[in-house]
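Side chains are part of it too, since the values below use all heavy atoms of this structure and drop only hydrogens, waters and symmetry mates.
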There are 2 protein chains.
Amino acid sequence: MNKHIPLSAGTASSPIYDALRRDLVGGRFAAGEKLAINALKEHYQVGLSPLREALNKLAAYGLLIQENQRGFRVPKLSREELDDIARLRTELEGMALERAIVHGDAVWEADLLAAAHRLKRADVSLDKGEEWERLHTQFHRTLVAPCGSVWLLRFIEQLHDQFDRYRRLGPKMPSIRQELDEQHHQLVELALHRDGKAARALMDDHIHKSYEVALARYQAHA
Amino acid sequence: MNKHIPLSAGTASSPIYDALRRDLVGGRFAAGEKLAINALKEHYQVGLSPLREALNKLAAYGLLIQENQRGFRVPKLSREELDDIARLRTELEGMALERAIVHGDAVWEADLLAAAHRLKRADVSLDKGEEWERLHTQFHRTLVAPCGSVWLLRFIEQLHDQFDRYRRLGPKMPSIRQELDEQHHQLVELALHRDGKAARALMDDHIHKSYEVALARYQAHA
DNA sequence: GTATGGTAAAAAATCGATTATTTTGTCTAA
DNA sequence: TTAGACAAAATAATCGATTTTTTACCATAC
């Protein structure tokens with residue numbers, strides 16, 4: 001029986017959590033903005049209690065700031081933080097990738113090829129690229145999945161969300177996309193050939209290029 | 001004006017969060033135990049709403065598991081997870097320490113000496129060692145504080161809490177305590193001498209020794 | 001003209017009660 | 001005797017309303 005397990009198992013009670021997280025990462029709220037709880041309640045068509053529970057979880061996750069008796073606020077963006085996130089992503093994702101290449105089995109190889117293929121085929125122009133974003137996240141997740149450390153994966157996912165707040169500030173740039181897509185396929189190649197060192201080097205470069213995109217968009221205000 | 005900032009700033013609204021966190025890390029609840037919300041409500045003398053918000057935050061933080069419509073549960077302990085946590089702590093705390101030694105200033109040196117001294121002087125027999133635990137956490141936090149990465153510090157703190165769930169399973173062992181205390185002072189020495197490499201090596205050893213304590217206690221069931 | 005104090009409006013946090021879901025216990029039928 | 005279904009109890013999740021705190025505005029004094 002292939003019982004279908006919900007993607008974000010455990011916390012599935014509130015779809016509001018996923019919706020809010022997506023909108024926060026996607027930049028649907030301005031950085032520094034104070035969230036009007038009543039407005040959210042109406043917009044997402046949800047009660048106060050589930051909404052507040054979702055906000056609390058997101059605050060603990062780092063996508064919101066909770067101020068003493070002053071509600072919730074979208075965290076400010078800063079050059080320093082972007083640098084911090086990118087650097088740490090480089091360290092942690094590189095570490096995870098090397099480990100994954102050691103431990104990944106044949107199923108992983110197949111998953112990886114599938115994820116890369118789906119990403120390549122994704123229609124960027126579809127729903128404002130939302131589907132591409134989902135597949136992109138999924139690809140990176142698949143890449144490091146067999147690293148053997150639940151906590152490392154958790155931190156990487158958290159950093160990814162934070163990073164994407166910067167990367168997704170501006171409009172799509174098809175030229176850059178091309179280049180990054182190429183790297184995705186090279187990453188798969190190196191992973192399949194079990195070349196951990198080279199894969200890590202490429203990942204460093206991949207994150208650095210994404211960082212430059214994110215930095216440019218951040219500096220263009222938005 | 002040396003205005004005192006609450007330790008866990010931002011989320012200060014509910015002291016219930018801190019109390020629960022302390023009790024979870026301190027092992028006041030059995031691993032795998034399902035939390036009876038009404039009992040908690042009574043025990044901590046708090047309303048349902050603040051309690052649920054605290055539980056949600058703790059679940060997002062990783063000190064609780066939230067199951068779909070089945071409330072909250074204390075995460076199970078496992079050898080695999082302990083290994084994972086210890087290994088990652090070694091990587092991240094070592095990384096942070098090296099960076100802190102590069103960036104730390106004179107104020108840091110003073111803070112470090114102070115933290116180490118307070119830890120040494122702490123009365124272990126006082127309130128079931130609770131005060132020692134607090135100072136021990138504070139010492140390690142001080143050690144890596146100037147590493148320059150907010151996110152790295154965040155992850156380290158999270159791992160520390162997870163690690164302590166294992167380390168604090170059993171009763172106090174004064175003989176081991178002696179040895180670890182000695183290492184704390186050596187760490188300060190190396191930090192003051194700006195010997196990043198040696199400090200990191202000692203930190204690796206320090207975490208490994210703590211790991212052996214934690215593992216022994218875990219294997220003694222509890 | 002600026003600063004201060006007070007009042008009104010807004011918003012966040014919390015409470016008490018209701019609703020929905022899961023778990024437990026019991027009874028019946030194979 | 002066991003398995004299954006139903007009912008009852010327990011518990012989690014949610015709702016609507018109340019309380020508390022903050023923010024905005026305005027009047028008055030200096």
Could you give the [atom1]-to-[atom2] distance, from [X] to [N], as a whole number of Å?
X	N	atom1	atom2	value
A:Ile37	C:dT14	CD1	P	11 Å
A:Tyr44	D:dT14	OH	P	17 Å
B:Leu55	D:dA13	CG	C1'	13 Å
B:Leu35	D:dA12	CG	P	9 Å
B:Lys34	D:dT11	NZ	C1'	7 Å
A:Glu67	D:dT22	CD	P	12 Å
B:Gln66	C:dT22	CD	C1'	16 Å
B:Leu51	D:dT11	CG	P	15 Å

Stepwise side chain to side chain contact (heavy atoms under 4.5 Å, CB included) check, B:Ser149 with B:Arg99: CA-CA 9 Å; B:Ser149 170; B:Arg99 292 200 210 170; 3.6 Å; yes
From C:dT14, C:dA12, D:dA13, pick the nucleotide closest to the side chain of B:Glu53? C:dT14
Using the side-chain heavy atoms of B:Gln69, tell me which of these nucleotides is nearest: C:dT22, C:dA13, D:dT23. C:dT22
Between A:Ala86 and A:Ile207, what is the shortest heavy-atom contact and its length? O-CG2, 3.9 Å
Under 4.0 Å between a Lys/Arg side-chain N and an Asp/Glu carboxylate O for A:Glu130 and A:Arg168? yes
N/O contacts under 3.5 Å, protein versus nucleotides 15-18 of chain D?
unit_1, atom_1, unit_2, atom_2, d
D:dC15, OP2, A:Gly47, N, 3.3
D:dC15, N4, A:Ser49, OG, 3.4

Taking only side-chain nitrogens and oxygens of B:Arg52, does any of them come within less than 4.0 Å of OP1 or OP2 of D:dA13? yes
Can you find a side chain N or O atom of A:Arg70 that sits less than 4.0 Å from OP1 or OP2 on D:dT21? no
Within 45° cone of B:Trp132 ring axis and under 6.0 Å: B:Arg121 NZ or CZ: no
Within 45 degrees of the ring normal and closer than 6.0 Å to the centroid, is that where the cationic atom of B:Arg87 sits relative to A:Trp151? no
Tabulate below the donor-acceptor pairs under 3.5 Å that side-chain atoms of residues 43-51 of chain B make, not counting sequence neighbours, or state none.
unit_1, atom_1, unit_2, atom_2, d
B:Tyr44, OH, B:Asp23, OD2, 2.5
B:Gln45, NE2, B:Glu42, O, 2.9

Only counting residues at least two apart or in another chain, list the ones meeting salt bridge (Lys or Arg N to Asp or Glu O under 4.0 Å) with B:Asp181. none
